[in-house]
Amino acid sequence: MKLWKCVFALALCLLLTACAPAAETPEDPARTEAPVTAADPADVPPSLAEDEEPTILTCRIVDGAEDGNLLLAELGDGLYGGTGVYRLNGKDVAVTLDGEAAEPSALEDGMVVEVAFNGSVLESFPAQFGEVYQIAGYSIGSEKNPAGTCYDLCGLYLQVLDDLWEKDKGLNENISLAGLDLSNAPGELTESEKAALAWRFGEMHGVEVVQGTFQELKEQGYLTSEPLGDGAPEGAAFVHWEDGCLFSITPSEDHEGESYSLPTLFFNAAKWRSSLGAYGFYDCSAMWPQGGTWNGYQIGSEMIS
């Protein structure tokens with residue numbers, strides 16, 4: 001009888017052991033696999049493959065050579081057909097001048113440069129290069145930047161526009177928009193230079209700049225036209241720009257066709273807010289010595305209305 005009880009107790013223990021849940025085995029930390037996440041392309045620095053050549057883009061430095069924060073206007077066909085505008089911090093980029101190693105401080109506003117980069121461009125405005133390998137600058141008189149070109153013409157016009165901004169400041173006080181008409185500005189600015197100049201002018205004064213002539217801006221709805229009252233000629237109207245001011249640089253008709261031994265630029269510059277609110281520099285002249293850059297300009301007369 002005792003033997004039967006022992007056998008029964010042993011069988012019951014075996015049955016309970018078989019039915020009990022298996023104890024969890026701690027996971028081996030060495031074998032734990034973290035989730036695999038694809039790298040964000042924005043976090044991967046761009047680079048050239050071994051068999052690739054850098055992309056070379058020819059530009060003109062419109063502004064920023066002094067502090068290394070370059071504003072560049074694309075020349076030639078380029079990536080955007082000669083209309084591109086770029087920002088580039090040139091402080092930490094290898095620089096050459098006429099083929100020789102140079103410091104970034106050797107670069108000048110108005111200089112023609114070739115930017116060697118990996119071909120990647122961030123399509124902001126101004127656009128930004130991906131990885132830049134070198135900036136090759138060319139001084140005036142070199143093959144890439146021959147004498148006779150209007151060296152740093154953008155810089156001259158930025159100075160003129162800034163001086164004009166400071167005159168009769170009530171005309172451009174509290175504006176949110178500035179129009180800029182460079183369509184007939186002397187000196188044959190390229191479309192990219194006009195775009196870069198317009199952007200820099202707006203950046204300097206904290207306004208959005210819209211390029212266009214008076215007529216184009218009027219057709220686009222920027223200007224308000226209010227018919228004059230009784231007694232005024234038929235069709236006469238008071239035209240004004242409520243939240244903007246139009247700046248323009250145009251040829252000086254008094255000097256059309258004149259030529260000198262050194263290039264002399266004649267132009268007018270004006271800003272317009274309404275039919276009764278405008279200010280202008282007239283019969284302006286600037287002489288460019290072929291061995292250097294523009295050295296200021298002279299104003300023939302100033303007019304206000």
Side-chain angles (χ1 to χ4, degrees), residues 62-63 71 85 109 125-126 152-187 189 191 193-229 231-233 235-256 265-286 294 296-305:
V62 172
D63 194 52
L71 179 63
V85 178
D109 291 344
F125 192 89
D152 198 20
L153 182 58
C154 290
L156 173 67
Y157 282 157
L158 276 172
Q159 180 185 348
V160 173
L161 292 169
D162 191 45
D163 292 344
L164 192 58
W165 179 279
E166 296 300 323
K167 294 288 186 176
D168 196 6
K169 293 186 68 172
L171 292 176
N172 42 261
E173 188 174 15
N174 298 323
I175 63 173
S176 59
L177 292 170
L180 184 58
D181 179 9
L182 299 172
S183 57
N184 291 313
L189 291 169
E191 291 304 311
E193 288 173 323
K194 293 176 185 177
L197 198 161
W199 188 86
R200 179 62 179 134
F201 179 54
E203 182 185 45
M204 290 167 61
H205 297 289
V207 294
E208 180 182 350
V209 175
V210 181
Q211 289 198 78
T213 64
F214 175 90
Q215 189 60 37
E216 288 170 343
L217 294 174
K218 185 177 180 181
E219 291 174 355
Q220 293 168 17
Y222 289 103
L223 311 183
T224 301
S225 181
E226 300 176 359
L228 296 180
F238 175 71
V239 183
H240 63 101
W241 195 346
E242 184 175 348
D243 58 348
C245 185
L246 172 60
F247 292 76
S248 62
I249 296 177
T250 56
S252 175
E253 298 177 356
D254 295 338
H255 296 276
E256 187 175 359
L265 205 65
F266 295 103
F267 59 92
N268 299 327
K271 63 180 179 181
W272 176 97
R273 185 72 180 268
S274 73
S275 302
L276 299 177
Y279 197 98
F281 299 156
Y282 293 92
D283 197 17
C284 300
S285 61
W294 298 96
Y297 67 104
Q298 293 74 45
I299 300 173
S301 61
E302 301 183 37
M303 297 185 184
I304 186 172
S305 66

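Using a distance-only test at 3.5 Å, with no hydrogens or angles considered, no donor-acceptor pair links the side chain of K194 to the main chain of L180. The backbone N or O of E242 sits less than 3.5 Å from a side-chain atom of R273, completing a donor-acceptor pair. Judged purely by atom type and a 3.5 angstrom limit, D243 has no side-chain atom pairing as donor or acceptor with the backbone of I175.
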Could you walk me through whether F266 and D254 pass the side-chain contact (heavy atoms from CB on, under 4.5 Å) test, one step at a time? CA-CA 9 Å; F266 295 103; D254 295 338; over 6 Å; no
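The shortest side-chain heavy-atom distance between V209 and W199 does not fall under the 4.5 Å cut-off. Inter-residue side-chain proximity for D181 and L217 is flagged as unmet; no heavy-atom pair is nearer than 4.5 Å. Side-chain contact check for L246 versus Y222: every heavy-atom pair is 4.5 Å or farther apart. Residues P126 and L71 meet the side-chain proximity criterion, which asks for heavy atoms closer than 4.5 Å.
Of all non-hydrogen atoms in Q159 and G296, the two that sit nearest each other are OE1-CA, 4.2 Å. Pairing each heavy atom of P186 with each of P251, the nearest pair is CG-CA, 3.8 Å. Between L189 and L153, the shortest heavy-atom contact is CD2-CD2, 3.8 Å. Closest of all the heavy-atom pairs between A237 and S275 is O-OG, 4.2 Å. Between A198 and Q211, the closest heavy-atom pair is CB-CG, 4.0 Å. In terms of heavy atoms, G187 sits closest to L265 at N-CD1, 4.1 Å.
How far NZ of K169 is from NZ of K271: 8.5 Å, rounded to the nearest 0.5 Å. In this structure, CG on L164 lies 9.0 Å from CG on L171, to the nearest 0.5 angstrom. The distance from the NE2 atom of H205 to the CG atom of L161 is 8.0 Å, given to the nearest 0.5 Å. Expressed to the nearest 0.5 Å, how far SG of C284 lies from NE2 of H255 amounts to 9.5 Å. If you take CG on N172 and NZ on K167, they are separated by 13.0 Å, rounding to the nearest 0.5 Å. For the atom pair OG1 (T213) and NZ (K218), the distance works out to 11.5 Å, reported to the nearest 0.5 Å.
Checking F214, W241, W165 one by one against F247, the ring pair (Phe, Tyr, Trp, His ring centres under 6.0 Å) holds for a single residue, W165. A ring pair (Phe, Tyr, Trp, His ring centres under 6.0 Å) with F267 is found for one member of F281, Y282, Y157 and no other, namely Y157.
The environment of CD in E253 is sparse: at most 12 heavy-atom neighbours from other residues, nucleotides or ligands sit within 6.0 Å. With a 6.0 Å radius and a threshold of 12 heavy atoms from other residues, nucleotides or ligands, E208 has its CD atom at or below the threshold.
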